[in-house]
Structures are given as C-alpha cells and as structure tokens.
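To start, the structure under review is shown below, and the notes come after it.
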There are 2 protein chains.
Amino acid sequence: MKRKLSLDDIAKHFKVSKSTVSKALNDSHEISRRTKEKIVAYAKEHKYRPNLNAINLRKEPSLSVGVIIPNILNYFFAQVISGVEKILNDNGYNMIACISNESYKKEVAITQMLRKGAISGLLVSLAEETGRLDKIEHFEPFFNIGIPVVMFDRVSTKLQCDKVTIDDTKTAYNATEHLIKSGCKRIAVVSLLGDLEISRLRINGYSQCLKNHGIDLEQSLIFEKLEKSLMEVEIKKLLSSGKVDAILGLEEEAGVTSLLTANSLGIKIPEELSIICFTNGILPKYVRPSLTSISQHGYYMGERAAKQLVERIEQNGSEKTFKTEVIKTTMIERESTKLLST
Amino acid sequence: MKRKLSLDDIAKHFKVSKSTVSKALNDSHEISRRTKEKIVAYAKEHKYRPNLNAINLRKEPSLSVGVIIPNILNYFFAQVISGVEKILNDNGYNMIACISNESYKKEVAITQMLRKGAISGLLVSLAEETGRLDKIEHFEPFFNIGIPVVMFDRVSTKLQCDKVTIDDTKTAYNATEHLIKSGCKRIAVVSLLGDLEISRLRINGYSQCLKNHGIDLEQSLIFEKLEKSLMEVEIKKLLSSGKVDAILGLEEEAGVTSLLTANSLGIKIPEELSIICFTNGILPKYVRPSLTSISQHGYYMGERAAKQLVERIEQNGSEKTFKTEVIKTTMIERESTKLLST
DNA sequence: GCTTTTTACGAAACCCATTTCGAAAAACAC
DNA sequence: GTGTTTTTCGAAATGGGTTTCGTAAAAAGC
C-alpha cells in the first residue's frame with residue numbers, strides 16, 4: 001500500500017543522496033539554502049516522519065515495560081502504578097501504561113499494540129470483562145516470543161506466569177470473623193465486581209467463615225454484581241428490612257455507599273450496623289464515621305510485581321518455575337466496627 | 001566500557017556467523033541441537049538482550065508519547081491521564097507515563113530518559129518543585145530536536161509551546177464572589193500547594209474579587225504552602241478564632257480537611273461556615289455535608305492536551321504559532337455553601 | 001591566472017537483529 | 001558407489017536513519 005515515506009524516497013525524488021536529505025532536514029550547514037528549502041518543503045508537504053526506531057538504533061537502547069490496568073481512577077490501581085513506576089524507573093525502564101477500562105476488547109487491542117512495540121516485559125491486571133469471559137489467549141504471543149509476563153491482583157489461574165496477589169479467601173475470612181467476634185450474626189456481602197476470580201474467592205472466604213462458626217449461609221444476603229446505579233437502592237432495601245447487623249463490602253465503593261445509606265436512614269454505626277470493606281483508598285478515612293477497611297498495600301504490590309518482572313527480564317528465562325507472591329493484607333480498624341474485647 | 005552484548009559478539013566468540021546465532025536463539029530447526037545449546041547457554045550466562053530497536057526497525061513503527069505528571073494518586077491527574085490515554089490510543093500512540101512525584105530532580109531524570117527514548121511528543125504538567133525553582137531548561141532539548149511539547153494545568157510562561165489550562169484567576173474570582181454573594185465577609189484561603197504559578201493566579205483572583213467588593217485583604221487569612229502534617233492544626237486554630245465565615249480551598253484536600261475540622265468543632269456548615277474548594281475529585285461528593293467544589297474537567301483537559309499534541313505531531317511543525325486553550329471550569333454546588341437567592 | 005579555501009554534496013560505514021537464499025556436508029536410498 | 005535428500009550453516013540483503021570522510025566544484029586570496 002502506501003508505505004511510509006523514507007529518506008531514500010525523498011532522495012530519489014530529488015536525485016540526491018539520502019545523506020543530503022538527512023542533513024537538509026536536520027538543518028546542517030553543509031547543505032545549501034536552496035537545496036534545504038526544497039527538501040524541507042517536500043518533506044513537510046508529504047508529511048515525512050522519521051522512523052524513530054532507526055534513530056534510536058544508534059543510541060543507547062531504551063528498555064520499556066508495558067503495564068495494563070483496568071482503571072486508573074481506582075485509587076488502588078493508582079497506588080499500584082506508583083509502586084510499579086518507582087521500581088521500573090530505578091532500574092532504568094520506561095513504563096508504558098495502558099488502561100483497559102475493564103473492557104476485554106480494549107485489552108486485546110492493547111496487547112496487539114504492545115506486541116509490535118518495543119517492550120521487554122508486561123505487567124497485567126485483568127479487566128472485569130476478561131475475567132467474566134475467561135479468555136486469555138491474547139497473552140499467549142508474549143509467552144511465545146519469550147517476553148516475561150507478571151500478573152497482579154486480578155490474576156488468572158489459566159496463565160502460567162509469575163503472579164502477585166493477596167490471599168482473597170483468607171482476607172475475607174478474617175474480616176468476616178472479626179465481624180462475628182464483635183457480635184454480628186447476620187452479615188451481608190455487597191459488591192459491584194462481576195465474575196472475577198477475586199470475587200469468588202472473597203465470597204468463598206466469607207462462606208467458609210460462616211460455616212466454621214455455625215452460621216447458616218443465606219444467599220439472600222449476598223449482593224454480587226450490583227449495577228452501580230442500583231446499588232444505593234438495593235442497599236436501602238436491605239438496611240430497611242432490618243435483617244442485617246453487618247456488611248462486608250468487597251470493594252471500597254460498596255462499603256462507603258452502605259455507610260452513607262445507613263447514615264441517611266439513621267442507623268447507628270457501629271452499634272446497629274458494622275461495616276468492613278476491601279481496599280483502603282482515600283474515602284474510608286474521610287467519611288464519618290470512618291470506615292474500617294482492608295489495606296491491600298497497592299504501592300507495595302506494584303513494587304513487588306515490577307521487581308519480579310525486572311528479575312525475569314534480566315535473567316532472561318533461565319529460571320523456569322513461576323512463583324506466586326502473596327502479599328499480606330492489613331485490616332485498618334476505624335469507627336465502623338466495634339472493638340473486640342480481647 | 002562494557003558495551004551491550006550483540007549477536008556479532010556471540011558469533012565471534014564461537015566463530016560462527018551471526019545468522020547462526022540469531023537462529024539458535026530463536027530456536028530455529030535449521031540449527032543443530034548441540035550448536036543451539038551452547039549458544040543459548042552462553043547467551044543466558046552473559047545476559048544477552050536483543051536490541052529492541054533493531055527488531056522493531058523491521059516492523060511497523062510504533063509511535064509513543066511521553067506524559068509527565070506530578071502525582072498519579074491525585075484524582076485530578078488520574079482523570080487527565082484517562083483522557084490522554086483515550087485520545088492517544090484512538091490515534092495509535094502508546095503512552096509512556098512518568099511520575100515526577102513533585103520532584104525537580106526526578107523530572108529532569110525523566111526528561112533525560114525520554115530524550116533518548118523513542119517518543120514523538122511530550123505532555124507535561126510541572127512538578128511543584130520545578131515551579132518553585134522555576135527551572136525549565138531540561139525541556140529545551142525537545143524543542144531543539146523538534147519534538148512537540150504540550151503543557152497542561154501546571155504550565156510555565158517561560159516555555160513557548162502549546163498549553164491547556166483553566167483560567168485560575170477567573171475561577172478563584174468567581175468562587176470568591178459566590179461566597180461574598182451568599183453573605184460571607186471574612187474569607188480565608190487554605191492551600192497545600194507551594195510556589196506554583198497556579199497558586200499565585202488563584203490567590204490573585206481571590207484578592208481582586210475582594211478588592212472589587214470593597215473588602216480589605218488580610219494576609220493573616222491566607223494560608224499558603226501549609227505542611228500536610230500541620231494543616232489540620234492550623235485550620236483548627238483558624239476556625240477556633242471565630243474570625244472567618246468562609247474558606248476557599250485551593251485544592252481538594254484543603255477543603256475536605258477544613259470541613260472535617262469544622263465538623264469536629266461543632267461549627268455548622270454552611271450556616272456558620274461556607275466552604276468551596278478547587279478540584280472536584282471523589283471526596284467532595286462523599287463527605288458530609290457534601291462539599292461545593294470546582295470541577296476542572298480533568299478528563300476533558302487530558303483529551304484536549306493529547307489532541308493538540310497529536311495534531312502537532314502529524315503536521316510536523318509547519319504551524320509555528322502556539323496556542324493556549326483555556327478550559328471552562330464548573331462550580332458544583334453542594335451542601336457546604338448557601339444557596340444564592342437570585 | 002594559479003593556489004588556497006570554502007561550499008555542497010555523495011559513498012559508504014554504522015547501529016543490530018531478521019530472513020532469504022545458496023551451498024557445503026552429512027545422511028540416506030538404491 | 002552414485003544419486004538424492006536432509007541437515008546445518010554462512011553471506012548478504014533488509015529496515016531507515018546518522019555520521020564520517022572524501023571529493024568535485026565554486027569562491028576567495030594574492
């Protein structure tokens with residue numbers, strides 16, 4: 001088709017050498033004014049763009065790493081990105097940040113773009129839709145070419161690579177147990193997240209904990225995959241029914257919305273209702289009463305994931321066994337839960 | 001020094017041709033098992049990494065753009081990044097996101113890294129420290145090489161390039177006027193930001209408005225450059241003194257902290273104290289009472305800045321006049337201000 | 001008018017990996 | 001043992017710029 005215009009093309013057009021063209025475009029004193037003018041004019045007219053790879057071929061090679069996150073407006077992922085960026089920079093890598101916007105299609109497009117781009121490694125947290133569809137073939141080319149991949153937070157068991165996650169099951173278990181120990185008996189789960197592995201794991205942890213404490217699991221208390229627009233209404237219904245004394249929010253927004261809704265209904269927190277939520281972003285600290293939340297240590301997770309990737313890149317595939325690093329979570333106790341009388 | 005290991009180096013070491021080495025490393029069937037093994041082993045041992053620019057020279061050139069932001073944990077900048085990313089992606093560019101962390105030194109390091117990297121354009125919002133030191137020489141190389149630069153939000157008048165900003169003076173003026181019209185007379189300014197141009201402009205707008213309404217400017221009511229750790233104490237002092245009936249926060253955190261402090265002191269909002277803050281992030285909506293804030297339309301600003309940059313890149317420097325696009329701000333009225341009886 | 005200097009440009013090397021094609025050597029068939 | 005196929009490898013082209021160095025022509029010097 002219409003191949004990109006190269007120096008040679010311009011050179012042929014004017015029947016000069018490409019060194020002349022190169023010098024003319026770089027405004028070298030070696031080239032006469034008249035020659036420069038016509039070449040520059042021609043280049044401008046035909047929108048000549050030098051091939052940056054060719055230019056950089058002569059310079060020090062610059063290493064870069066692709067990072068795919070579902071949503072940068074999510075504070076947790078912003079933290080991860082911060083950590084990733086720090087480590088990559090310390091090690092002389094550029095970060096090519098890409099945002100999938102929770103869309104499978106976008107994620108595929110990004111991988112295609114990155115594949116032909118110059119990346120030495122890839123960090124990924126799956127889009128919600130990708131988790132739901134459970135399609136991960138678009139990552140295979142990287143494995144084939146030998147570009148190391150490290151997944152973090154939203155990982156897939158289907159992919160054989162290094163991973164950094166939290167123990168979602170255990171964390172949910174502990175949070176639930178904390179609620180039970182503080183006297184709560186009817187604990188609801190509220191979530192916006194869809195069919196992600198982490199949602200299933202968290203709900204598993206919750207269920208196991210109830211079971212171990214002899215509490216019956218009630219499906220009617222589990223509100224998964226709530227539509228963002230409907231969440232407030234649903235929570236209002238739930239709280240008005242008076243059937244619950246605690247809420248476990250699987251992400252920050254669920255917890256905060258529950259808290260604000262309870263406030264508006266005049267429900268006393270934590271006396272009548274305890275709330276714990278995953279993800280310790282900005283909100284839990286600032287809402288009133290402040291919200292007990294679980295820190296997933298996003299910054300640290302980013303650091304660890306980036307570190308693992310850098311190691312993989314530098315060792316260049318000698319080690320063949322993949323490791324999954326599990327980062328400890330921390331429950332930040334605030335005003336939305338009762339103190340345990342230990 | 002120790003130049004990077006190239007295919008030729010390995011070839012010389014084994015006295016074979018570099019095509020053999022290349023094929024061996026790519027696990028080609030054309031190469032015998034024994035030859036492959038020893039070459040791969042050697043490459044691994046000496047950490048051979050192919051030059052990606054050389055590889056990509058043969059592929060379609062991939063375009064990328066550098067973006068420097070001061071802090072990704074700031075919701076406003078996260079919004080900008082979202083907008084930037086969308087436009088760049090739509091136009092087939094990669095985004096190389098870099099975080100200066102408000103540090104001049106880091107910003108300089110980033111520009112050096114990007115300079116030798118393959119970027120076709122640069123988007124920048126200055127670090128706080130850079131604004132304070134007022135040193136911007138590290139951007140000059142880009143202008144010399146002809147790599148277009150677009151600044152957004154935290155811009156510098158010293159640099160001749162395209163810019164996208166809000167009208168900080170006017171916005172502060174309008175906010176102040178809104179407070180005055182709603183009956184406030186003693187309006188304090190609270191800010192964490194240091195010597196940034198935007199701080200000066202905002203305070204200018206505030207001052208002008210007071211002047212035009214015949215209110216004397218009191219330096220003791222302007223709290224610039226507050227230390228993050230001291231902010232709460234300072235605000236507490238200010239509010240306890242009972243000398244103010246309104247606060248203009250130059251950024252979200254200042255506004256929210258003021259609001260929470262007022263709450264804890266039992267000061268009624270907005271009856272006894274009105275608050276408006278810049279930057280409409282997540283917090284203003286979720287605190288109680290909710291906080292009137294000024295949306296700077298981060299996402300849109302990102303889109304516009306990226307669009308300007310892409311245009312510059314594609315036209316390749318034919319247009320020589322630089323334009324500054326001013327984005328309209330919007331005041332989102334919430335519960336922290338009194339309604340105007342218009 | 002002849003020498004020297006300057007100007008203007010071209011040929012070729014260089015950056016580094018991939019890939020095509022040709023050829024030598026080894027393996028196999030008959 | 002001769003012919004054929006397969007295996008294994010190398011030379012050279014390719015991609016698109018930059019840069020060095022050499023040289024012819026034009027300008028300047030005396």
Side-chain angles (χ1 to χ4, degrees), chain A residues 1-40 43 46-63 115-120 144-147 316, chain B residues 2-40 42-43 46-63 115-120 144-147 316:
Chain A
M1 294 283 109
K2 51 163 184 181
R3 225 179 64 272
K4 282 260 302 186
L5 197 67
S6 77
L7 276 191
D8 271 318
D9 300 330
I10 303 181
K12 263 174 211 144
H13 179 261
F14 287 109
K15 295 200 176 100
V16 294
S17 74
K18 65 172 179 175
S19 32
T20 304
V21 178
S22 171
K23 288 169 190 168
L25 292 176
N26 288 309
D27 201 27
S28 161
H29 66 274
E30 288 184 12
I31 306 299
S32 69
R33 199 172 53 82
R34 282 186 40 217
T35 311
K36 269 196 278 200
E37 274 173 5
K38 68 180 183 186
I39 289 179
V40 168
H46 293 78
K47 293 189 178 160
Y48 167 72
R49 299 258 69 203
N51 183 317
L52 294 168
N53 281 316
I55 294 175
N56 281 281
L57 190 51
R58 312 208 59 173
K59 304 184 184 172
E60 282 282 285
S62 78
L63 302 168
R115 242 188 319 166
K116 60 170 195 171
I119 62 163
S120 347
N144 297 336
I145 313 171
I147 292 179
N316 195 21
Chain B
K2 51 162 188 182
R3 227 180 63 271
K4 280 262 301 185
L5 196 68
S6 77
L7 275 191
D8 267 319
D9 301 328
I10 303 180
K12 263 174 211 143
H13 179 261
F14 287 109
K15 295 199 175 103
V16 294
S17 75
K18 64 173 177 175
S19 30
T20 304
V21 179
S22 171
K23 287 170 190 167
L25 292 176
N26 288 308
D27 200 28
S28 161
H29 66 276
E30 288 185 11
I31 306 299
S32 70
R33 200 170 53 80
R34 283 185 41 219
T35 312
K36 267 195 281 198
E37 275 172 5
K38 66 179 184 185
I39 290 180
V40 168
Y42 182 86
H46 292 77
K47 293 186 181 164
Y48 166 73
R49 297 258 72 200
N51 183 315
L52 294 168
N53 281 315
I55 294 176
N56 282 281
L57 189 51
R58 318 201 73 193
K59 304 183 184 172
E60 281 283 285
S62 77
L63 303 168
R115 239 188 321 166
K116 60 171 194 170
I119 62 164
S120 345
N144 297 336
I145 314 170
I147 292 179
N316 195 21

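Bear in mind the structure is a predicted one, so any value in this text is a computation, not a measurement. So you know, we letter chains A, B, ... as the sequences are listed, proteins then strands, and number each from 1.
Going from atom CZ of B:Arg58 over to atom P of D:dG17 covers 15 Å, rounded to whole Å. Whole-Å rounding puts the B:Glu30 CD to C:dC21 C1' distance at 10 Å. Straight-line distance from the NZ atom of A:Lys18 to the C1' atom of D:dT14: 11 Å, rounded to whole Å. The distance between atom CG of B:Asn26 and atom P of C:dA17, rounded to the nearest whole Å, is 11 Å. Straight-line distance from the CG atom of B:Leu57 to the P atom of C:dC14: 17 Å, rounded to whole Å. Taking atom CD1 of B:Ile31 as the reference point, atom C1' of C:dA26 lies 15 Å away to the nearest angstrom. What separates CG of A:Asp9 from P of D:dG16 is a distance of 8 Å, to the nearest Å. Spacing between atom CD1 of A:Ile39 and atom P of C:dA8 amounts to 13 Å, rounded to whole angstrom units.
Distance check, rounded to the nearest 0.5 Å: NZ of B:Lys23 to CD1 of B:Ile39 gives 11.0 Å. Atom CD of B:Glu37 and atom CD1 of B:Ile31 lie 13.0 Å apart (nearest 0.5 Å). If you take CG on A:Asp9 and NZ on A:Lys18, they are separated by 11.0 Å, rounding to the nearest 0.5 Å. From A:Leu5, atom CG reaches atom CD1 of A:Ile10 across 4.5 Å, with rounding to the nearest 0.5 Å.
In this model, no donor atom of one side chain and acceptor atom of the other lie less than 3.5 Å apart for A:Ser19 and A:Ser22.
Position along DNA chain D of the nearest nucleotide to A:Ile55 versus B:Arg33 favours B:Arg33 as the more 5'-ward residue. Closest-nucleotide positions on DNA chain D for A:Asn51 and B:Val16 were compared, and the one nearer the 5' end corresponds to B:Val16.
When the side-chain nitrogen and oxygen atoms of B:Tyr48 are compared with OP1 and OP2 of C:dC16, none of them lie within a distance under 4.0 Å. Distances shorter than 4.0 Å separate none of the side-chain N or O atoms of A:Thr20 from OP1 or OP2 on C:dC9. OP1 or OP2 of D:dT18 has at least one side-chain nitrogen or oxygen of A:Ser22 nearer than 4.0 Å.
Of all nucleotides listed (D:dA11, D:dG17, C:dG10), D:dG17 comes nearest to the side chain of A:Leu7. The side chain of B:Ser32 lies closest to D:dT8, out of C:dC14, C:dC16, D:dT8. The side chain of A:Lys23 lies closest to C:dG10, out of D:dT8, C:dC9, C:dG10.
Between the side chain of B:Ser6 and the base of C:dA17, no donor-acceptor pair of N or O atoms lies under 3.5 Å. In the interface, the side chain of A:Thr35 is not paired with the base of C:dA8 through any donor and acceptor atom under 3.5 Å apart.
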